[in-house]
Structure formats: structure tokens, C-alpha cells
Amino acid sequence: MPRIVKGSGPLDAKIVLVGEAPGAEEEYSGKPFVGASGRLLTAMLGSVGIDRAQCRIENVMQVRPRGNNFSEFYLDGAKRRSPGRELVAGRARLLRDLGAMNANVVIALGKEAIKTLAGKPNIIQWRGSIIPTPFGKVIGTYHPAGILREYKNRPVAEIDLKRALE
Ligand code: URA
């Protein structure tokens with residue numbers, strides 16, 4: 001059975017960050033964003049003056065996808081148009097939890113988060129925009145795992161995080 005990785009940090013945080021799903025290290029420790037992506041996230045937050053400990057950290061999915069591949073949560077695989085039952089439930093759970101939180105801003109890390117939080121189809125066009133939603137303002141930026149692959153995106157993501165802080 002895959003291990004469930006719940007959110008971490010204060011439930012009344014002003015800033016909530018939402019990722020995709022736990023990876024191996026998260027599954028092992030039971031905490032979100034503790035692996036390489038998490039270390040980068042902590043560093044980026046720190047460099048714009050956000051203390052990670054003051055933030056709530058959530059994921060769209062609380063279980064690790066098979067093969068670490070988020071497409072496994074879709075019925076049509078890499079096309080990612082038709083979410084499976086587990087993903088539908090995961091999205092509903094996240095939106096319900098956010099509804100009970102009352103954050104000032106919710107930061108969507110990557111495409112799956114911005115899709116779930118704001119119904120937007122990609123992060124490239126939507127990152128940096130402030131999107132009003134029923135549970136607060138959403139601002140999207142690149143997922144740290146993507147930044148590890150494409151490091152030139154780090155300064156852009158830091159601009160987005162700074163905007164969220166302001
Ligand atoms: N990537 C995510 O999206 N979430 C985690 O918790 C870890 C890595």
C-alpha cells in the first residue's frame with residue numbers, strides 16, 4: 001500500500017503552497033517536499049524572505065504515483081486529459097481542505113496544481129498572474145522539480161514567489 005503524505009505546516013498559514021504528489025523521499029518520511037525539490041523550494045522561499053515553516057504545504061495527490069509518473073493518475077496517460085477516479089478524489093480533497101484554511105494566497109507549483117486550483121491548462125502562460133478563486137488568490141509558478149531540470153527558470157520563479165509575498 002502506498003503511504004499517505006499529508007500536508008505540513010500551520011493550517012492557519014497566510015501562504016499555502018501546493019505541489020503535485022509525493023516522491024520517494026516524501027513517501028519514506030511521510031512529509032511533503034523533503035527531497036531535492038523540497039530543498040530547492042526551501043531555498044527559493046528563503047531567498048525572497050518567506051519562511052517555509054510559516055507556510056502550509058500541500059499536494060494535489062497524497063500518494064506517490066506509480067513509477068513517479070503523475071500521468072499514472074490519468075486514464076489516458078501522458079495526454080492527461082481524462083483524470084482517473086483517484087485524481088478526481090484527490091482534487092476534491094485538496095479544494096475542500098483549502099476551503100477550510102482561509103489563506104491570503106495559494107501558490108500553485110506547476111501545471112497539475114494550477115489545473116486543480118484555477119482550472120488553467122498550463123503554467124507557462126499563467127505563471128505570475130493573480131487568479132481569484134473561491135478559496136483565495138492563486139498565483140502559479142514553476143514546479144521546483146522542473147527548475148532542477150531547467151535552472152534558468154529559478155529567477156522567474158523567485159519573482160513569482162516575491163509577488164505572492166507582497
Ligand atoms: N514534488 C511534489 O510535487 N510534491 C512533493 O511533496 C515532493 C515533490
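Whatever order the structure lists them in is the order used to number ligands and atoms, beginning at 1. These values consider heavy atoms only, across backbone and side chains, with no hydrogens, waters or symmetry-generated copies. The structure displayed is predicted, hence computed values, not measured ones.
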Worksheet item: Would you say ligand 1 has an N or O under 3.5 Å from any N or O of Pro32?
Response: no
Worksheet item: Less than 4.0 Å between a side-chain N and a carboxylate O, is that true for Arg64 and Glu27?
Response: yes
Discussion item. Is it the case that ligand 1 has an N or O less than 3.5 angstrom from some N or O of Pro22?
Written reply: no
Worksheet item: So is His143 close enough to ligand 1, meaning a heavy atom under 4.0 angstrom away?
Response: yes
Item to complete: Using distance alone, decide if ligand 1 has a nitrogen or oxygen within less than 3.5 Å of any nitrogen or oxygen in Glu20.
Response: yes
Worksheet item: Looking only at protein heavy atoms, which one is nearest to atom 4 (N) of ligand 1, and how far off is it?
Response: Asn59 OD1, 2.8 Å
Worksheet item: Does a donor on one side chain sit under 3.5 Å from an acceptor on the other, for Arg52 and Thr42?
Response: yes
Worksheet entry | Gly19 neighbourhood, listing ligand 1 atoms whose heavy-atom distance to it stays under 4.0 Å | 3 (O)
Fill in: Cationic N near anionic O, under 4.0 Å, Arg154 to Glu158
yes
Worksheet item: Using 4.0 Å as the upper bound for N to carboxylate O, is an ion pair formed by Arg81 and Asp76?
Response: no
Discussion item. Please list the nearest protein heavy atom to atom 2 (C) of ligand 1 with its residue and the distance rounded to 0.1 Å.
Written reply: Ala21 O, 3.1 Å
Item to complete: Using a strict 4.0 Å threshold on nitrogen-to-oxygen distance, state whether Arg163 and Glu166 make a salt bridge.
Response: no
Fill in: Lys/Arg-Asp/Glu bridge criterion (N-O < 4.0 Å) met for Lys6, Glu58
no
